[in-house]
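Just so it is clear: chains get the letters A, B, ... in the order the sequence lines come, proteins before strands, and each one is counted from 1.
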Amino acid sequence: MPELPEVETVRTGLEQSLVGRRFDRVEARRPDLRFPIPTDLATRLQGHRVLRVNRRAKYLQIIIDDNSADRTVVILHLGMSGRVNLMPAPDAGPHADLLKHDHLVFDLDDGARMVFNDPRRFGFIALSRESALDDHDYFKDMGPEPLGNAFNAEILSQALKDKDTPIKAALLDQRVVAGLGNIYVCEALYDAGISPKRKARTVAGLRADRLVPAIKDVLQRAIAAGGSTLRDFAQLDGQSGYFQHSFRVYGREGEACLSPGCDKVVKRITQSGRSTFYCSSCQR
DNA sequence: CGTACACCCTGGCCGC
DNA sequence: TGCGGCCAGGGTGTAC
């Protein structure tokens, strides 16, 4: 499901419904997702309130106000198929029945219920401390946030200049830039007119000048649209994102290239085991 | 070290 | 209807 815009959409929703709320009851309904669920998850959270909800790349970071000088942080990754549902307090009686893949249940002090559902279980949850977060294994080697000021053509060129790998693979490498996934890499390369097969080192310089704004623009437009819904992504209230209607190449194999005057159709190839969509005429 | 690939897991869709 | 094959937005471990 989620790349940066989808995770950011979830973060915004969680910020509105979670900050200031207290966890009354936390339940893990199975021992593991992709990794074991911390056995002390419930005891570390119950009785404490949420201070903030942050995002780093595709990870959510929920900071807990637990009266500690070094606060507990919940790290949540949605994997491919994870989603977070927020059910408001029911008018009367209990919450609706849980579903097969509802793995984590968080009951809040206002009667609302947050549920983490993940059919494929590529998602995971972990606990850390605020002071250790940047040094955590998940984050320590991560590249810059693509929407931050620290991500610019100079920085990207520096990261690409020694790489022989295709630019498509380089942009999926979270050490180069953190938060892009298959969809938005395809879209950004199309928008910048850069072939996904081009060696990354040859993108350093002038092409990076075009690529950086293309990346920022597609991410910002996707966030504004509430993310993309392919099969199963939904916002907290179950609404779909609608950026999928704005895809220019992703998923459009065999369809006409949208660039004015181009008479080619969109091609699909496999790179690093994933589908790449591109126009062989407009992207060089 | 950098790169390439298999793999984790379930479900939906398509063709037979 | 049923079944096999293929596909899917992610990250990691292992083999070169």
Quiz item: When you check the phosphate oxygens OP1 and OP2 of C/dG11, does a side-chain N or O of A/His77 lie under 4.0 Å from one of them?
Solution: yes
Exercise. Please report, rounded to the nearest Å, how far the P atom of B/dG2 is from the CZ atom of A/Arg201.
Key: 13 Å
Quiz item: Between A/Phe122 (CZ) and C/dA8 (P), how many Å, whole number?
Solution: 13 Å
Practice problem: Using the P atom as the reference point in each nucleotide, state the distance between C/dC6 and B/dA6 in Å, no decimals. | Solution: 14 Å
Self-check item: A/Leu160 CG - B/dG2 P separation (whole Å)
Solution: 14 Å
Quiz item: Under 4.0 Å between a side-chain N/O of A/His101 and OP1 or OP2 of B/dC9, yes or no?
Solution: no
Quiz item: Side-chain donor-acceptor pair under 3.5 Å between A/Gln244 and A/Thr229, yes or no?
Solution: no
Exercise. Determine the interatomic distance between C1' on C/dT12 and the same-named atom on B/dG11; round to the nearest Å.
Key: 23 Å
Practice problem: Compare all side-chain heavy atoms of A/Gln271 with those of A/Lys197 and state whether any distance is below 4.5 angstrom. | Solution: yes
Quiz prompt | A/Arg21 and A/Asp110 ion-paired at < 4.0 Å | solution = yes
Practice problem: Indicate, with a heavy-atom threshold strictly under 4.0 Å, whether A/Gly181 touches base, sugar-phosphate, or nothing. | Solution: sugar-phosphate
Quiz item: Between A/Asp191 and A/Arg221, which heavy-atom pair has the shortest distance, and what is it?
Solution: OD2-NH2, 3.7 Å
Exercise. Return the nearest nucleotide to the side chain of A/Arg268; candidates are C/dC7, C/dG10, B/dT10.
Key: C/dC7
Quiz item: Just checking A/Ser275: base, sugar-phosphate only, or nothing, at a heavy-atom cut-off of under 4.0 Å?
Solution: sugar-phosphate
Exercise. Test for a donor-acceptor pair under 3.5 Å between the base of B/dC9 and the side chain of A/Arg121, counting only N and O atoms.
Key: no
Practice problem: Among A/Glu3, A/Glu187, A/Lys168, find the one that has a side-chain hydrogen bond (donor to acceptor under 3.5 Å, both in side chains) with A/Asn182. | Solution: A/Lys168
Practice problem: Measure up the A/His101 and A/His103 rings against each other and bin them: parallel (under 30°), tilted (30 to 60°), perpendicular (over 60°). | Solution: perpendicular
Exercise. May I have the distance from A/Asp32 (atom CG) to B/dC9 (atom P), rounded to whole angstrom?
Key: 9 Å
Quiz item: Quick one: do A/Asp32 and A/Arg121 make a salt bridge, cutoff under 4.0 Å?
Solution: no
Quiz item: Parallel, tilted or perpendicular: which fits the ring planes of A/Phe277 and A/Tyr250, with parallel below 30° and perpendicular above 60°?
Solution: perpendicular
Quiz item: When you look at A/Glu6 and A/Tyr184, which way does the side chain to side chain donor-acceptor pair (under 3.5 Å) test go after all the steps?
Solution: CA-CA 11 Å; A/Glu6 291 72 38; A/Tyr184 297 104; 2.7 Å; yes
Quiz item: Quick one: the side chain of A/Arg274 and the base of C/dA8, do they pair up donor-acceptor inside 3.5 Å?
Solution: no
Quiz item: A/Val53 and A/Leu41: same hydrophobic cluster, using ILVMFWY side-chain contacts below 4.5 Å?
Solution: yes
Exercise. Could you check how far CZ of A/Arg120 sits from C1' of B/dT10, rounded to whole Å?
Key: 7 Å
Exercise. Let me know the distance between CD of A/Glu6 and P of C/dA8, rounded to the nearest Å.
Key: 16 Å
Quiz item: Are A/Lys100 and B/dT10 close enough that a side-chain N or O sits under 4.0 Å from OP1 or OP2?
Solution: no
Self-check item: Residues touching DNA chain C, which here means a heavy atom under 4.0 Å, drawn from residues 162-179 of chain A
Solution: A/Gln174
Practice problem: May I ask you to check whether A/Arg207 and A/Thr202 show a side-chain donor-acceptor distance below 3.5 Å? | Solution: no
Exercise. Could you tell me whether A/Lys100 and A/Asp102 make a salt bridge, using a distance below 4.0 angstrom between a side-chain N and a carboxylate O?
Key: no
Between protein and nucleotides 12-16 of chain C, what N or O pairs are separated by less than 3.5 Å?
| residue | atom | partner | partner atom | Å |
| --- | --- | --- | --- | --- |
| C/dT12 | O4' | A/Arg34 | NH2 | 2.9 |

Quiz item: Atom CD of A/Gln271 and atom C1' of B/dT3: how far apart are they, to the nearest Å?
Solution: 14 Å
Practice problem: Applying side-chain contact (heavy atoms from CB on, under 4.5 Å) between A/Asp107 and each of A/Arg25, A/Glu27, A/Gln46, report the one that passes. | Solution: A/Arg25
Quiz item: How does DNA chain C read in dot-bracket, base by base from 5' to 3', with Watson-Crick or G-U pairs under 3.5 Å and | used when the partner is on another strand?
Solution: .|||||||.|||||||
Self-check item: Nucleotide B/dT3, atom P - distance to NZ of A/Lys197 in whole Å
Solution: 19 Å
